[in-house]
Amino acid sequence: MPCTVGWVIKMIGGFHGKVLKINLSTGSVGTIELSDDVLKAFVGGTGLAAALLYDHLTKDLDPLSPDAPLLFITGPFTASKVPSSSRYAITGKSPLTGIWGESTSGGHFPVALKLTGFDGILITGRSPKPVYIWVNDGEVKIKEASDIWGLTTYETQAAIREELGKDVKVACIGPAGENLVKYASVINDEGRAAGRCGFGAVMGAKNLKAIAVSGSKEPPIADPGKVAELVSKALKEIESSPFTHSLRIYGTAGYITTGMPFGDVPAKYFQDSIFPAYKISGLALRERYYIRPLACTGCPIACGKIIYFGKYGIEKVDTLEYESQTALGPLCGIDNLDMILYLNYLCNAYGLDTISTGVTIAFAMYLYERGILTKEKLGGLTLRWGDGSVVVELLHRIIRREGIGAILAEGTRVAAKRLGVNPEEAANVKGLEIPMHDPRAFTLQALTYATSSRGACHMRPDYYLIDEGLELSELGIKPSPRFASTPEKVKAFIKFQNVREIYDSLILCKFSPISLTTVAAFYTAITGIKVEPKDLNTLGERIYMIKRCINIRLGMRRGDEKLPKIVLKPIPRGGTAGNIPNVEELLRQYYSIRKIDPETGKPLKEKLEELGLTKQASDLWE
């Protein structure tokens, strides 16, 4: 039966004040009211999610069990006039890593989710049969989905829109999520992906094919006039940024020619950084295909692209992001642009994280080259670098969990264990595959991978951008020599890590070049809570620390914060100049500045209490 929920207007702007709660085992529907204190302390987005899920994520919780919570969440900027803010996050315990998981995506779905009148949707339980959730202006239905189970993400979105209306926005899984591939993604707005951490598998385990949303309930805004004034300022800042021009023309695919001189584009499973980049660059993409810009709701940058492909029977494909371009290309030795686009399309259609997919397949190629994986073990496959056709076949076996695909569907950490391979050869941190920014190219990126809350993540923070010229003057964060590892630089890194936690909580796209002063002013105008740029650092520190507390409770220890040797071997050629980051020294400085116990990895009790995390201090230290 449909359920309609009443609304309570909160004092804090930017929120409806309620999260929808659905138990798929029982079909029950309710709400969680959000307190002002929690919203003030944790901002929204992934920060709010960590506070809401803290008591529910335990070490013995199977992330694929009915009890595991799955939270779709927005922030105070979502559905506002802030440019580049149409984003949402999915959070919970990752089936790939076993620790805190979060993944964000843009498009039009985030705004539609917020306009339902809820700030998020918390899902527990497991439906006895395939279903999808339909939320429309406060009315909630759990609908039969057996007829769309097995469809690709593109087919699923089209089928639901045909049933409910073309303006409905859909986030869904494909066959990879249904078959519980541990790095299955959630796809919305054609090919926008909440890719990392495997939440597509969590949906599959719950027999949840999709979430469809629509609505017209705008959240209250504290000072609409000030927001309108700030939009004009923000648009000027965006237009004056050199990042905007590059993203508008090439999308993130333009980075491949920027990053190669630094040695920042890994090839052949992190063993090289030189390859014919001109063949697959952003420029090559524009020269070979007709391309239309594609923007998320309210974004003036339009870094997304619709690419008119016309190959393999496919008329058009979605944005080719840098991470996908490199993971499915050079990392596997492939420099055929048609093949890379096709592989990216398949990952989107079947619902796979392109980073983990590319790294896992490149790992298999690396093992084949070393004679550890043989043609016999691979069921007749010959894994040669650059052979796109065999990558297509291996990808299908992963999706179906067929033969070697059943092992590779678990990710590199588990695959290494099952194949009897030294774990130092598996390119992951805390179980999450390493992205396409080489830690040998920018020393502080190594610290990013070691300390990110979700494992190897290039965006939490993306400090390589600082060393390439990005500056946050309000907090004294500015470029420095890329191989430097001074205490001053580590302090700047920590501030930037805190700031990126705020971006994922507001939620604001990390490609947005608006100043921290403008970000803080937007937050004040929307919520009515006065903040300065320095306050964003403190708020971000609290959010980072509660996520760290969750990870400690889930079993993460100091020894997990390391990089595997496969990415710490010197590369004799290219832009890294043989640089190897001293990860242990970086961590020594990091723990001291962060006030983290260097033996256990726990935040010190007094630091947690200083941040107002008294419950967490008690849980970890008493």
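- Looking only at side-chain heavy atoms (C-beta outward), Leu508 and Ile514 come within less than 4.5 Å of each other.
- Atom CG in Leu563 sits 5.0 Å away from atom CG in Leu568 (nearest 0.5 Å).
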Could you walk me through whether Tyr366 and Ile372 satisfy the side-chain contact (heavy atoms from CB on, under 4.5 Å) test, starting with their C-alpha distance in whole Å, then the side-chain angles of each, then the deciding distance to 0.1 Å, before giving a yes or no?
CA-CA 9 Å; Tyr366 170 75; Ile372 295 171; over 6 Å; no
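- A side-chain donor-acceptor contact under 3.5 Å links Lys114 to the backbone of Gly75.
- The two residues Ser515 and Glu237 come nearest to each other via the heavy atoms N-OE1, 2.9 Å.
- Using a 4.5 Å cut-off on side-chain heavy atoms (C-beta onward), Arg500 and Met459 make no contact.
- By the neighbour-count criterion of 12 heavy atoms within 6.0 Å, atom NZ of Lys562 is sparsely surrounded, having that number or fewer from other residues, nucleotides or ligands.
- Between Glu474 and Lys495, no side-chain nitrogen of the basic residue sits less than 4.0 Å from a carboxylate oxygen of the acidic one, so the salt-bridge criterion is not met.
- Annotation for Ser485 and Leu586: closest pair CB-CD2, 3.4 Å, computed over non-hydrogen atoms.
- Taken from OG in Ser185 to CZ in Arg192, the straight-line distance is 14.0 Å, to the nearest 0.5 Å.
- A cation-pi geometry, defined here as NZ or CZ lying under 6.0 Å from the six-membered ring centre and within 45° of its normal, holds between Arg553 and Tyr54.
- Between the NZ atom of Lys182 and the OG1 atom of Thr412 there is a distance of 12.5 Å, given to the nearest 0.5 Å.
- Contact record, Gly14 with Asp119: O-OD1, 4.3 Å, taken as the closest heavy-atom pair.
- Ion pairing between a basic and an acidic side chain is recognised when a charged N comes within 4.0 Å of a carboxylate O; Asp504 and Arg87 show no such pairing.
- Residues Ser273 and Arg573 approach most closely at OG-O, 3.8 Å, considering heavy atoms.
- Look at Glu584 and Arg558 and you find a salt bridge, because one of the NZ, NE, NH1 or NH2 atoms lies within 4.0 Å of a carboxylate O, short of that distance.
- Remark: the backbone N or O of Ile355 is not paired with any side-chain donor or acceptor of Glu323 at under 3.5 angstrom.
- No side-chain heavy atom of Ser86 sits less than 4.5 Å from a side-chain heavy atom of Cys299.
- Taking 4.0 Å as the cut-off between side-chain N and carboxylate O, Lys478 and Glu471 do not count as a salt-bridged pair.
- Checking side-chain atoms of Thr524 against main-chain N and O of Ile529 turns up a donor-acceptor pair under 3.5 Å.
- Taking the charged nitrogens against the carboxylate oxygens, Glu561 and Lys430 do have a contact shorter than 4.0 Å, which makes a salt bridge.
- Inter-residue side-chain proximity for Lys226 and Phe522 is flagged as unmet; no heavy-atom pair is nearer than 4.5 Å.
- Rounding to the nearest 0.5 Å places CG of Asn422 at 10.0 Å from CD1 of Ile566.
- The backbone N or O of Phe262 lies less than 3.5 Å from a partner atom in the side chain of Arg482, making a donor-acceptor pair.
- Taking the side chain as every heavy atom from C-beta outward, Leu470 and Phe243 approach each other to under 4.5 Å.
- With salt bridges taken as basic N to acidic carboxylate O contacts below 4.0 Å, one links Asp467 and Lys489.
- Without hydrogens or angle criteria, Asp597 side chain to Thr600 main chain gives a donor-acceptor distance under 3.5 Å.
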For a side-chain contact (heavy atoms from CB on, under 4.5 Å) check, start with the C-alpha distance between Ile466 and Leu472, then their side-chain angles and the critical distance, and finish with the verdict.
CA-CA 9 Å; Ile466 300 295; Leu472 280 69; 4.0 Å; yes
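- With a 4.5 Å cut-off on side-chain heavy atoms, Val359 and Met436 count as touching.
- Side chain to side chain, Ser35 and Asp37 fail the donor-acceptor criterion of an N or O pair below 3.5 Å.
- Under the 3.5 Å distance criterion, the side-chain polar atoms of Arg557 are matched with a main-chain donor or acceptor of Ile552.
- Counting only N and O atoms by type, the side chains of Ser356 and Asp353 include a donor and acceptor under 3.5 Å apart.
- Between Phe442 and Tyr463, the distance from one ring center to the other does not fall under 6.0 angstrom.
- A 4.5 Å side-chain heavy-atom check between Phe270 and Arg440 finds at least one atom pair inside the cut-off.
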For a side-chain contact (heavy atoms from CB on, under 4.5 Å) check, start with the C-alpha distance between Ile12 and Leu34, then their side-chain angles and the critical distance, and finish with the verdict.
CA-CA 10 Å; Ile12 297 176; Leu34 303 174; over 6 Å; no
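- Other residues, nucleotides and ligands contribute at most 12 non-hydrogen atoms within 6.0 Å of the NZ atom of Lys595.
- When only modelled atom types and interatomic distance are considered, Tyr183 and Glu433 share no side-chain donor-acceptor pair under 3.5 Å.
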Assess the residue pair Gln497 and Tyr590 against the criterion (side-chain contact (heavy atoms from CB on, under 4.5 Å)); give the C-alpha distance rounded to whole Å, side-chain angles, the decisive distance to 0.1 Å, and a yes or no.
CA-CA 11 Å; Gln497 192 171 50; Tyr590 181 86; 2.6 Å; yes
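- Distance alone, capped at 3.5 Å, places no donor-acceptor pair between the Arg196 side chain and the Ser103 backbone.
- Side-chain N/O atoms of Ser453 and Glu102 include no donor and acceptor closer than 3.5 Å.
- Annotation for Ala51 and Phe42: closest pair CB-CD1, 3.6 Å, computed over non-hydrogen atoms.
- If you take CD1 on Ile90 and OG on Ser105, they are separated by 7.5 Å, rounding to the nearest 0.5 Å.
- Side-chain N/O atoms of Gln589 and Glu585 include a donor and acceptor closer than 3.5 Å.
- Between Ala201 and Ala184, the closest heavy-atom pair is N-CB, 3.6 Å.
- Distance CG/Leu475 to CZ/Phe496: 10.5 Å, rounded to 0.5 Å.
- Contact annotation: the side chain of Glu488 never approaches that of Ser480 to less than 4.5 Å [non-hydrogen atoms, C-beta and beyond].
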Go through Asp60 and Thr58 one step at a time and tell me if the side chain to side chain donor-acceptor pair (under 3.5 Å) criterion holds.
CA-CA 6 Å; Asp60 61 352; Thr58 60; 2.8 Å; yes
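- His437 has its ring centre less than 6.0 Å from the ring centre of Tyr255.
- In this structure, the side chain of Lys233 does not engage the main chain of Thr518 through any donor-acceptor pair within 3.5 Å.
- Around NZ of Lys602, the count of heavy atoms belonging to other residues, nucleotides or ligands within 6.0 Å exceeds 12.
- A donor-acceptor pair under 3.5 Å is absent between the side-chain atoms of Ser473 and the main chain of Gly476, judged by distance alone.
- Under a 3.5 Å cut-off, the side chain of Thr448 and the backbone N or O of Pro461 do form a donor-acceptor pair.
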